[in-house]
Number of protein chains: 2
Amino acid sequence: MLKRGVPRIVDPEARRSAVVDALFRVVRRDGVEQASLRNVAEEAGLAIGSVRHYFDSHDELLVFALRELEDRVEVRMRAGAERIFAADSSAERRPLVEALLGELLPLDADRHDEAVIWLAFVTAARTRPSLRPSALRLHEGLRMVVGRILAGAARLGALPEGVAVDVETERLAALVDGLAVNAVLQPDRTTPEVMVAVLSRHLDDLAG
Amino acid sequence: MLKRGVPRIVDPEARRSAVVDALFRVVRRDGVEQASLRNVAEEAGLAIGSVRHYFDSHDELLVFALRELEDRVEVRMRAGAERIFAADSSAERRPLVEALLGELLPLDADRHDEAVIWLAFVTAARTRPSLRPSALRLHEGLRMVVGRILAGAARLGALPEGVAVDVETERLAALVDGLAVNAVLQPDRTTPEVMVAVLSRHLDDLAG
DNA sequence: CCCTTTTTAGCATGGCCGTGCTAATTTAAG
DNA sequence: CTTAAATTAGCACGGCCATGCTAAAAAGGG
């Protein structure tokens, strides 16, 4: 282990992260199809060669970026989910559930941007094999969270008898996805107020 | 009106339609970003010059194609909606409503393809201004249909008292959109059986 | 046969793309 | 200062793109 000259000028992880942030801005503004190395490099204020030093190919950059998006979502999910399972009465849980699912909806500007990027990537994943694993994990992750919440509610007797938890999981997950998609594509029509009202109504409905 | 020589070799409308069909196949297979004039012409078995004779620009082709998609959806909606409003008891209406909304879900191969194309176009519309009018009409069209169905149901007393029809409209529309998006992006997980079960469950829920 | 129009075909230009490649520059340890 | 490694920068190639433009081919009324 004898390196005779090692410049550690900058944390490479931070650089990669900065590039990914620039890519997210481009995707948010102009879509995945405009996220070329050139456009991303310009957005990041770097030369194209610099970007390519951290990512061997365009595809690798996209894959890495989508993983980063995965991480962000997962972190928010984990935090909210732990709070829910810490509460033991269904009365305590209800507002926490609403908060957690609200976390998945584009209710503020930051999460709206995130939803835009999410939709851009998962739709792109349909025709880009390298993105499919991450897209699938995001899909399953939502169902996992929703499924756990509903199973927990059923265990606490917060759901009416005879409710099929698997069907309700798909229903609630599809509803959340649908609201997010609508908010991304028609933000003027699907406002945060509408989304909150719909979600709240659905949870009331589930409680019987 | 004296044209001294008029070759009417082929119905230009039919040609335009054939080009649009080819474009739909390309979009279905590889996404909107691959629907270049070259790829579409090849898929249609025409020279690129021929395609350009019927569509002055690439953008015009995309706009025209999305309008055609609009028309197809609207035709199916109108037929189903008329049948519903012809029925006057809520017991008669229920299966018709389920059929109409089922018409919007990708339950068979043809409608799956149509849903794939629909999602590709409406997401593309986010960053392509020329597609936005059609995308907005599709969005509003669904809400119009769902809103009329629910308002009719309320009039017939098929909904519980105190139900907010506007919120329920958004909820059902978002659910249908969400199911369609999931079926397009993760067809292995969101099967026709799952979609039917979810839709049926939701309609039961609405009836109280 | 002629002539006008539709239709098909193709060329050329300028632009953006990813990527292979080389080289300049910077950094800090020896 | 020297030097190896990390980083930044940039060139060049081949490919695909939309589009302006020209022109060949087909078709049927006169």
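Predicted model only: the values in this text are computed from it and were never measured. Order of the sequence lines fixes the chain letters, A, B, ..., with proteins taken first and strands second; residue numbering starts at 1 for each chain.
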Subject >> D/dA9 phosphate, OP1 or OP2, under 4.0 Å from A/S50 side-chain N/O >> reply: yes
Original post:
C/dT8 phosphate, OP1 or OP2: any side-chain N/O from B/Y54 under 4.0 angstrom?
Top reply: yes
Original post:
Are B/R76 and B/E114 ion-paired here, with the side-chain N under 4.0 Å from a carboxylate O?
Top reply: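 Yes, charged N to carboxylate O under 4.0 Å.
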**OP:** Run the salt-bridge test on A/D108 and A/R111 with the 4.0 Å N-O cut-off and return the result as yes or no.
**Re:** yes
Atom-to-atom span, [atom1] of [X] to [atom2] of [N] - whole angstrom:
| X | N | atom1 | atom2 | value |
| --- | --- | --- | --- | --- |
| B/I48 | D/dT19 | CD1 | P | 10 Å |
| B/L61 | D/dT19 | CG | C1' | 14 Å |
| B/E13 | C/dT7 | CD | P | 12 Å |
| A/H53 | C/dA23 | NE2 | C1' | 14 Å |
| B/F55 | C/dT8 | CZ | P | 12 Å |
| B/E60 | D/dA18 | CD | C1' | 14 Å |
| B/L46 | C/dG10 | CG | C1' | 15 Å |
| B/R15 | D/dA26 | CZ | P | 14 Å |

Original post:
Which of residues 34-42 of chain A sit near DNA chain C, with a heavy atom under 4.0 Å from it?
Top reply: A/S36, A/L37, A/R38, A/N39
Subject >> B/R52 side-chain proximity, nearest of D/dC21, C/dT19, D/dA6 >> reply: D/dC21
Original post:
Which nucleotide in the set C/dT8, D/dT8, D/dA18 lies at the smallest distance from any side-chain heavy atom of B/H58?
Top reply: D/dA18
Subject >> Chi angles and distances behind the side-chain hydrogen bond (donor to acceptor under 3.5 Å, both in side chains) call for B/H139, A/R189 >> reply: CA-CA 9 Å; B/H139 180 91; A/R189 319 276 157 168; 5.9 Å; no
Original post:
How about A/M195 and A/P106: do any of their side-chain heavy atoms sit closer than 4.5 Å?
Top reply: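 A/M195 vs A/P106: side chains touch.
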Original post:
If we only count heavy atoms from C-beta on, is the B/V40 to B/F55 side-chain gap below 4.5 Å?
Top reply: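 Not in contact.
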**OP:** Would you tell me whether A/T123 and A/R126 have side-chain atoms, one donor and one acceptor, within less than 3.5 Å of each other?
**Re:**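 The criterion, which ignores hydrogens and geometry beyond distance, is not satisfied for A/R126 and A/T123.
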**OP:** Using only heavy-atom distances, determine whether the side chains of B/D30 and A/T127 contain a donor-acceptor pair under 3.5 Å.
**Re:**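 Looking only at side-chain atoms, A/T127 and B/D30 do not form any donor-acceptor pair under 3.5 Å.
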Original post:
Taking the inter-plane angle between the rings of A/F24 and A/F121 on a 0 to 90° scale, is it parallel (under 30°), tilted (30 to 60°) or perpendicular (over 60°)?
Top reply: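 If you compare the ring of A/F24 with that of A/F121, the planes turn out perpendicular.
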**OP:** Can you pull out how bent the helix from C/dC1-D/dG30 to C/dG30-D/dC1 is, comparing the axes over its first five and last five pairs, to 10°?
**Re:**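 The end-segment axes of the helix from C/dC1-D/dG30 to C/dG30-D/dC1 are tilted 10° relative to each other.
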Original post:
What are the two closest non-hydrogen atoms of A/V165 and A/G147, and how far apart are they?
Top reply: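 Result for this residue pair: CG1-O, 4.4 Å.
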